[in-house]
Number of protein chains: 2
Amino acid sequence: MSPRKFLHPDAAELTLHRILFALSDPTRLAAVSELMDGAEHSSGDLLAQSVPRSTMTHHLKILREAGVTRTRPEGMRCLISLRRNDVDARFPGLLDAIMAHGRSGRSADSRAAAS
Amino acid sequence: MSPRKFLHPDAAELTLHRILFALSDPTRLAAVSELMDGAEHSSGDLLAQSVPRSTMTHHLKILREAGVTRTRPEGMRCLISLRRNDVDARFPGLLDAIMAHGRSGRSADSRAAAS
DNA sequence: TACGATGTACGACGAACACCGTACATTATC
DNA sequence: GATAATGTACGGTGTTCGTCGTACATCGTA
C-alpha cells in the first residue's frame, strides 16, 4: 500500500465547475487563503481551524482532486501547496479574483442559531 | 399561495462560498453564461439544454437564493436576470473572472484564447 | 369556461457530501 | 524495538444535492 501517494489531476483536466465547488466551502476557502502566500503548509498548519484531523484530510482531498492544490509527503508530514501555475494557465485571473475576497466572504453567514 | 413570489437575499448577505457553489454546476454555469449579456431571459430560454423544466427550476432557485440572479414574473413567464451590480459591489471582478471561462470550463484543452 | 403554455411545488430516489471517531501506516527519536 | 507525532484510510450517520415525474397554479386566448 501507499498511504503516502496522492493522485493529482493533470493540468489540462481541470474544470471550472470542479474548482468552484472545491472553493465553495468556508473551511476549504480558509485553507486556500493560507496557501495564497505561495509557500508549502503542512496539514496541521492549515488545521488552525477547529476541525478534526480526519475532516481536514477530507477537505484537503477535495481540494487536491479538483486540482487546486498539490500534496507532497515530506518526512512524517504532508506539505500542501497551491497549483497556481496550473490553475492560472487554464483559468487566468480566476484564483486571484476569488481569493481577493476569500477572507471577507463570510459576513452574515452566521446562521449559527444561537447556542 | 404565491407561486409567483420569489425571495431574494439582500445584497449585503451574499457570501462568497454560496456564490461559488451556485456556479459549481455545469448547468447553472451555462445558464449564467447566457445571462451575461445583461438581458432578461425567460426560464424556457435558458432551458436550451436538454434538462426537464422541473430540474431547471431547481437550478434557477439555487442561483436565485445565492443572490446571483433575480427572478421576476412577467405575464405567464418568468424573466431572469443577473444581479450584476449587487454581486460586483460585494465581490468586484469575481463574476467577470469566473464567467470569462464559463464556456470553456469543459474538459481537456480548449485553448480558445478568447478574442 | 375551457384550453394550452409556462413554470412552480412536491415527493421520491440514488449519489455525493460533511462530519466524526477510530484504527492504521509512516517517520523520527529514544 | 518501543514510543510519540503526523496524517491517511475506513467505516458510519445525517444532510444536501441532482435528477425526474407528476400535479398544481398562473396567465393569455379562444
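Treat the numbers as computed from the prediction; the structure is a model and nothing was measured. Per chain, numbering begins at 1; letters A, B, ... match sequence-line order.
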- prompt: Got a salt bridge between A/D86 and A/R70, using NZ or NE/NH1/NH2 to carboxylate O under 4.0 Å?
  reply: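 Yes.
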
message: Salt bridge check, A/D25 against B/R18: does any charged N sit closer than 4.0 Å to a carboxylate O?
response: no

Give the nucleotide from the list [options] with an atom nearest to the side chain of [X].
X	options	value
B/R77	C/dT8, C/dT6, D/dG18	C/dT6
A/P52	C/dC20, C/dT8, D/dG18	C/dC20
B/M76	D/dC27, D/dT19, C/dG7	D/dC27

d([atom1], [X]; [atom2], [N]) in whole Å:
X	N	atom1	atom2	value
B/E74	C/dT8	CD	P	14 Å
B/L7	C/dT8	CG	P	14 Å
B/D45	C/dG7	CG	C1'	14 Å
A/H59	C/dA16	NE2	P	18 Å
B/K61	D/dT16	NZ	C1'	12 Å
A/F21	D/dT16	CZ	P	14 Å
B/R72	C/dT8	CZ	P	14 Å
A/R53	C/dA23	CZ	P	16 Å

- prompt: Looking at D/dG7, does its base get a donor-acceptor pair with the side chain of A/S43 below 3.5 Å?
  reply: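 When only heavy-atom distances are counted, A/S43 does not reach the base of D/dG7 through any donor-acceptor pair under 3.5 Å.
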
- prompt: Would you say B/R83 has more than 12 foreign heavy atoms packed within less than 6.0 Å of its CZ?
  reply: yes

message: For A/N85, I'd like to know if atom CG has over 12 heavy atoms of other residues, nucleotides or ligands within 6.0 Å.
response: no

query: Any side-chain N or O of A/T57 less than 4.0 Å from the OP1 or OP2 oxygen of D/dT8?
result: yes

task: Give a yes/no on whether any side-chain N or O of A/T55 is located under 4.0 angstrom from OP1 or OP2 of C/dC20.
output: yes

Applying a 4.0 Å non-hydrogen cut-off, can you work out what [X] is touching in the nucleic acid: base, sugar-phosphate, or nothing?
X	result
A/S42	sugar-phosphate
B/H58	base
A/L60	nothing

query: According to the interplanar angle, ranging from 0 to 90°, do the rings of A/F21 and B/F21 count as parallel (below 30°), tilted (30 to 60°) or perpendicular (above 60°)?
result: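 The arrangement is tilted - the two ring planes meet at 30° to 60°.
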
statement: Sorted by position of nearest nucleotide on DNA chain C, 5' first, the leading residue of B/I80 and A/S54 is B/I80

